[in-house]
Amino acid sequence: MLTKRAAFAAWRRQRPFAGSILLGVSAGFLLLPAVVSVRLGDVLISISTIAGVSTLLLAALMALCAASALLRVDTRLPAGVCAMILSLVALPAANFGGLIMGTLTGVVGSAFVLAWIPVDSTVVSSPDSRSD
C-alpha cells in the first residue's frame, strides 16, 4: 500500500505540476498590485484605476489555466497557449504584468506546461532495439 506521500508523488508525475504551480504563482503576482495597498508613513499608495478590472480578469483566467492544466492533463496544450498569451498581454495591460514578476513566471510556467509530455510506463525502451 502506498503512503500518502508516495501516492501524491505518483499523481504529481502524471501531470505538468511545476508549470501549473508557476501559473498559479503568476496569477497571484498579477493580482497583487490591484489588491494590496502600501502605507509609507502617512501616505497610502493603492492602484485603483480601470486597469484593476483587466488585472482581475487576467489573474482569474491565469488561475483557470493553471487549474485546467493541473487537473485535466488533456487540456494542457490549450491551457499552455492561453496562459502564454495572457502572460504577454498582462505586461502592458496589468500594471507592468504584475510588476514584471507575473509575466516572467507566466511565460516560464506556460513553457513548462507546453513542454511537458506524459510518460507511458508500459513502454520500456532498451538501448539495443533501434528502428532504422
Side-chain angles (χ1 to χ4, degrees):
M1 182 170 168
L2 293 175
T3 64
K4 288 183 182 182
R5 186 178 188 109
F8 177 71
W11 177 81
R12 190 182 66 214
R13 274 187 236 103
Q14 297 172 355
R15 49 201 76 245
F17 188 77
S20 298
I21 295 299
L22 283 174
L23 290 179
V25 169
S26 173
F29 277 136
L30 289 176
L31 193 60
L32 194 65
V35 175
V36 174
S37 296
V38 178
R39 182 175 293 277
L40 294 174
D42 291 336
V43 178
L44 181 66
I45 300 171
S46 67
I47 300 173
S48 58
T49 62
I50 193 66
V53 175
S54 65
T55 300
L56 293 175
L57 179 65
L58 288 170
L61 290 174
M62 185 70 74
L64 182 68
C65 288
S68 174
L70 184 63
L71 300 176
R72 299 279 307 197
V73 179
D74 54 335
T75 64
R76 67 181 168 80
L77 290 176
V81 170
C82 183
M84 181 68 78
I85 292 169
L86 287 171
S87 297
L88 296 175
V89 166
L91 191 60
N95 303 317
F96 293 114
L99 306 175
I100 307 293
M101 293 304 297
T103 294
L104 289 177
T105 55
V107 167
V108 171
S110 60
F112 279 7
V113 168
L114 290 171
W116 182 84
I117 55 172
V119 177
D120 190 9
S121 61
T122 59
V123 177
V124 177
S125 62
S126 63
D128 296 347
S129 63
R130 294 181 68 190
S131 59
D132 292 328

Indicate every side-chain donor-acceptor pair of residues 7-15 with a distance under 3.5 Å to a residue at least two apart or in another chain.
| residue | atom | partner | partner atom | Å |
| --- | --- | --- | --- | --- |
| Arg15 | NE | Trp11 | O | 3.2 |
| Arg15 | NH1 | Leu70 | O | 2.9 |

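- Linking Ile, Leu, Val, Met, Phe, Trp and Tyr whenever their side-chain heavy atoms come within less than 4.5 Å leaves Leu104 and Met62 in two separate clusters.
- Across Ala66 and Ser20, no two heavy atoms sit closer than the pair CB-O, 3.5 Å.
- Within the structure, side-chain hydrogen bond (donor to acceptor under 3.5 Å, both in side chains) contacts touching residues 64-82 (residues at least two apart or in different chains) are Ser68-Thr75, Arg72-Asp74.
- Heavy-atom neighbours of Leu71 CG from other residues, nucleotides or ligands within 6.0 Å: above the threshold of 12.
- A donor-acceptor pair under 3.5 Å is formed between the side chain of Thr103 and the backbone N or O of Ser87.
- Placement of Met101 and Val25 within a single hydrophobic cluster is found when ILVMFWY residues are connected by side-chain heavy-atom separations under 4.5 Å, directly or transitively.
- Counting all heavy atoms, side chain and backbone alike, Ala18 lies closest to Phe112 at CB-CD2, 4.1 Å.
- With hydrophobic clusters built from ILVMFWY side chains whose heavy atoms lie under 4.5 angstrom apart, Ile100 does not share a cluster with Leu31.
- Side-chain contact between Pro33 and Thr55: absent, with no pair of heavy atoms (C-beta onward) separated by less than 4.5 Å.
- Taking the side chain as every heavy atom from C-beta outward, Val113 and Leu22 never approach each other to under 4.5 Å.
- Heavy-atom minimum distance, Met84 versus Ser110: CE-OG, 3.2 Å.
- Taking all atoms of both residues into account, the shortest heavy-atom contact from Leu58 to Ala94 is CD1-CB, 3.9 Å.
- Among residues two or more places apart in sequence or in another chain, the side-chain contact (heavy atoms from CB on, under 4.5 Å) test is passed with Leu114 by Leu77, Val81.
- Nearest approach of Ala90 to Leu30, heavy atoms of both residues: CB-CD2, 3.6 Å.
- For the atom pair Cys82 SG and Leu23 CG, the distance stands at 10.0 Å (nearest 0.5 Å).
- Neither Val73 nor Phe17 shares a network with the other; the hydrophobic side chains, linked directly or stepwise wherever heavy atoms of I, L, V, M, F, W or Y lie under 4.5 Å apart, form separate groups for each.
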Could you walk me through whether Cys65 and Leu86 pass the side-chain contact (heavy atoms from CB on, under 4.5 Å) test, one step at a time?
CA-CA 10 Å; Cys65 288; Leu86 287 171; 4.2 Å; yes
